[in-house]
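Have a look at the structure below before the remarks.
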Protein chains: 2
Amino acid sequence: MLTFSISEENHIKAIYHLQHGDQSVSTNQLAAELNTKPASITDMMKKLKAKKIIHYEAYKGFKLTPEGRKTALMIIRRHRLWEYFLSEKLQFSWDEVHEVAEELEHVSNEKLINKLDEFLDFPRFDPHGDPIPDASGKIEISRQIALSELAINKVAVVCNVKDQSADMLDLLNHKSIALGTKLEVKKKFDFDGSLELKIGKQPLINISRQLAENIYVKI
Amino acid sequence: MLTFSISEENHIKAIYHLQHGDQSVSTNQLAAELNTKPASITDMMKKLKAKKIIHYEAYKGFKLTPEGRKTALMIIRRHRLWEYFLSEKLQFSWDEVHEVAEELEHVSNEKLINKLDEFLDFPRFDPHGDPIPDASGKIEISRQIALSELAINKVAVVCNVKDQSADMLDLLNHKSIALGTKLEVKKKFDFDGSLELKIGKQPLINISRQLAENIYVKI
DNA sequence: TAATATTTTTAGACAAATCTAAATAAATAA
DNA sequence: TTATTTATTTAGATTTGTCTAAAAATATTA
Ligand SMILES: [Mn+2]
Ligand SMILES: [Mn+2]
Ligand SMILES: [Mn+2]
Ligand SMILES: [Mn+2]
């Protein structure tokens, strides 16, 4: 059975995320995502093509093959199960789990992951609200939308945050927005895309379009 | 803070085990332990010397420095905590845990390990009966001896098995010897070093010196 | 102690994963 | 449609970790 280095796994996973379903991914995109140089991506794409993980023709971008997609989903399964474990069993906060899971995801013993899944009681979502693929690679389509897309006066629950930089988390903290927070958009300003939010019984607060685009809610 | 590659960590840990306290380790010994070639060991020892992990002069063997010993103990701490987790929480059998822990031990996030320790309720021994170093690197001296050294008519408990090859485990299984088994040596044959054992109320059984040297018991 | 055997190190090579600089292809604008 | 800009690939280098074969040091034996 084909095995992959840590670096190969990181590339495969990044392609999956950038594909957003079925879009073709470019060399520069992937280089930016992985903080590496375009020349390095070209080298790696040749290797992944040889392993039949991607479709690739020089200058034409790349896409995962069905085999590649399956591999990506298994890496994501490991990543999200570990995130859930860290959050649920070890009391890590949801902004700390990603970094550690980024390493744990590369320990690829099948029994380990299936037993962990069972131990955790087959969780369906990770601490960021992202769905966890099951042992066969099946993944739920998450019903989450960006807060910027949420209709006015509809109650929704924060389930995911795209950017998780320290700056972002600082801002969220300041606005008292966390995973699980129930909120409602009361007004949208077309001029700059900023929103006025109602959270519980607090006075209305205002957030920028940029922030709203990075917060995901489940409806 | 100094960090180490997976290969460096495996070397550091192997030196610790071969030192058996304070003995100097040779190039060939370490090469055998790690299934690698003497030339590769020499290269790595130069690197570990530069990082002040070992004392080393060409042709004179090597020993961990205090810093090296501390590093080794942290790797062993991670290894044994994961073994305990796999055995206790994921129902792995004690002969399956080592291989997986060999990978998990290289995820070196301090908070992860300390929280895991807490989650497991600060276990003092891994599933093979080996002591788990605490967060400061302190480790209990285990009172375990080889079954071949056990005095006649003294009850002891199997707590560790040195060799864990499939052949070995098959033999143990056949003799109904497992971790936690209570036993007593009833007779020692000087001719070949074989032993007669009493296990519970079963009829006496006989084991070879070779097997007895690989089974450790706590007294 | 001299000859021989063993252990360890050095020299030089290779694969993996990355980089920089230069060349080339593709896309865009004039 | 030609020129310019941008994206991608190639060429060649570097680092890490390993190897084989040969040289050198050390240990053992005669
Ligand atoms: Mn990763
Ligand atoms: Mn996540
Ligand atoms: Mn290891
Ligand atoms: Mn163990």
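Order of the sequence lines fixes the chain letters, A, B, ..., with proteins taken first and strands second; residue numbering starts at 1 for each chain.
A straight line from CE of A/Met45 to P of D/dT8 spans 12 Å, rounded to a whole angstrom. Put simply, NZ on A/Lys60 is 7 Å from P on C/dA26, counting in whole angstrom units. Between A/Asp43 atom CG and D/dT9 atom C1' there is a gap of 9 Å when expressed in whole angstrom units.
Counting non-hydrogen atoms under 4.0 angstrom, A/Lys46 reaches the backbone sugars and phosphates but no base. B/Phe62 comes within 4.0 angstrom of nothing in the nucleic acid, heavy atoms only. As judged by a 4.0 angstrom heavy-atom cut-off over every strand, B/Ser40 is placed among the base-contacting residues. B/Thr42 comes within contact range of at least one nucleobase, with a heavy-atom separation under 4.0 Å. In this structure, B/Ala39 reaches the bases: a heavy-atom distance under 4.0 Å links it to at least one base atom across the strands shown.
Base pairing of C/dA30 is made with D/dT1, judged by Watson-Crick or G-U wobble geometry with both donor-acceptor distances under 3.5 Å.
Looking at residues two or more places apart in sequence or on another chain, you find a side chain to side chain donor-acceptor pair (under 3.5 Å) between B/Tyr216 and B/Lys162.
In this structure, CG in A/Asp130 is found 13.5 Å from CZ in A/Arg124, a value given to the nearest 0.5 Å.
Looking at heavy atoms from C-beta onward, A/Glu8 lies in side-chain contact with A/Leu48 at the 4.5 angstrom threshold.
Of the candidates D/dA24, D/dT8, D/dT18, D/dT18 carries the atom nearest the B/Ser7 side chain, counting heavy atoms from C-beta on. With D/dC19, C/dT20, D/dT8 as the choices, the nucleotide that has an atom nearest any side-chain atom of A/Ser26 turns out to be D/dT8.
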